[in-house]
Amino acid sequence: MSQNTDDVVISSRIRLARNVNDIPFPSRLNDERASLIARKVYDSLQAGDSYDLYKMSNISEIDGNVLMEKHLISADLLNNNQFGAAIINESETVSIMINEEDHIREQSILKGFNLKEAYEKINAVDDCIAARIRFAFDPRLGYLTSCPTNLGTGLRASVMMFLPGLSITKNLDSCVNAVSRLNMTVRGVYGEGSDADGFLYQVSNQKTLGVSESEIIQSVETSINHIVDTELRAREVLLRNNETELKDRIMRAWGVLTNAYTLSTDEFMRLTAFVKLGVYYGLIRVSDRARLEKLITEAQPANLINISGKQLDAAERDLYRAAYVGKTLRNLGK
């Protein structure tokens with residue numbers, strides 16, 4: 001593992017796709033059996049952590065989007081108003097989506113580069129559920145899933161990465177091509193089809209059939225270490241070749257974020273990326289880097305409304321974001 005992994009890796013996620021034996025996949029399931037899955041899964045977890053059950057039919061639009069911005073649920077689940085549900089533990093390190101693409105999608109999300117720990121956590125959850133629910137499993141194909149790309153282990157190991165060096169120097173494509181030969185894929189911050197806001201990317205395995213869980217995790221770890229090393233070298237080149245321009249851009253970003261009167265989500269993400277880069281170079285000093293990382297989630301539209309405790313239209317939200325971000329960063333910079 002690279003020495004400076006924490007400067008590049010934001011979080012690690014392990015996701016397991018499972019389906020209940022002898023009932024249709026969610027796309028073909030439109031009766032009370034779909035509603036029973038959430039209750040069975042929830043009941044199977046009562047001996048462990050404390051969990052909350054969220055039914056998409058009952059959740060408010062704001063609360064649903066808060067969960068999605070935290071990567072605890074997907075947009076597809078949020079749109080399944082009839083049978084979709086989520087079961088989330090108190091620390092928000094485990095989230096189980098019910099009736100998304102598969103009947104059950106279990107995931108553990110941990111800070112930093114912790115794929116093995118995330119797997120151990122979600123594997124224990126999977127064992128609890130399997131003790132109460134019989135999964136659809138074939139001796140030759142492994143776990144049966146709605147999408148053939150998830151057959152086998154049903155395991156996706158993904159890592160959220162901050163890659164400004166490779167992005168700005170325009171070397172990201174060559175790095176992606178290199179890891180794609182190891183059956184990796186690189187996506188935007190909210191998964192397939194999304195943009196890489198703030199130089200944030202998800203890197204995950206593509207192959208789940210014919211390989212073991214440990215082989216998948218090892219392969220992803222190897223790819224991540226390669227990307228980390230390449231990113232850190234790119235940051236050195238970036239500073240060496242564009243020092244004055246880069247330092248000016250970083251300090252201007254800090255100046256705008258700490259003094260802006262109004263601030264859109266897009267501008268916040270773009271400027272915060274340069275502030276984080278400034279922290280890495282030692283140009284900006286903050287008292288709590290984890291708090292800076294948390295601010296990225298807090299400043300998203302639904303989370304910001306939730307923090308404010310009142311309804312905000314788009315213009316009001318941008319005003320509130322500017323004030324909230326500015327105050328937070330000024331305190332961190334003291």
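Keep in mind that the numbers below use all heavy atoms, side chains included, and drop hydrogens, waters and symmetry copies. In this text the structure is predicted, and so the values were computed from the model without any measurement.
Using a 30° and 60° split on the angle between ring planes, Y143 and F137 fall in the perpendicular class, above 60°.
Checked by atom type and distance alone, the side chain of N331 pairs as donor or acceptor with a backbone atom of K327 at under 3.5 Å. Within the 3.5 Å criterion, the main-chain N or O of R134 finds no donor-acceptor partner in the side chain of N21. With hydrogens and angles ignored, the 3.5 Å screen pairs no side-chain donor or acceptor of E293 with any backbone N or O of R289. T222 places a side-chain N or O within donor-acceptor distance of the main-chain N or O of Q218, the cut-off being under 3.5 Å. In terms of modelled atom types and a separation under 3.5 Å, the side chain of N89 and the main chain of T93 share a donor-acceptor contact. Although no hydrogens or angles enter the test, the distance criterion places no donor-acceptor pair under 3.5 Å between the side chain of N183 and the main chain of K207. Side-chain atoms of H103 come within 3.5 Å of backbone atoms of P24 as a donor-acceptor pair (strictly under, hydrogens ignored). Without hydrogens or angle criteria, N80 side chain to F83 main chain gives a donor-acceptor distance under 3.5 Å.
Salt bridge D43/R39: present, at least one basic N to carboxylate O contact under 4.0 Å. Between R321 and D318 there is a salt bridge, since at least one side-chain N of the basic residue sits less than 4.0 Å from a carboxylate O of the acidic one. With respect to K111 and E117, no salt bridge is recorded, no charged nitrogen being found less than 4.0 Å from a carboxylate O. Checked for salt-bridge contact, R252 and D248 meet the test: a charged N lies under 4.0 Å from a carboxylate O.
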**Message:** Walk me through whether V9 and E231 qualify under side-chain contact (heavy atoms from CB on, under 4.5 Å).
**Reply:** CA-CA 11 Å; V9 175; E231 165 64 21; over 6 Å; no
**Request:** Let me see the working for S158 and R13 under side chain to side chain donor-acceptor pair (under 3.5 Å), right down to the final yes or no.
**Result:** CA-CA 5 Å; S158 63; R13 182 187 72 163; 3.2 Å; yes
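Other members of the cluster containing L319 are Y261, with ILVMFWY side chains joined at under 4.5 Å, either directly or via other members.
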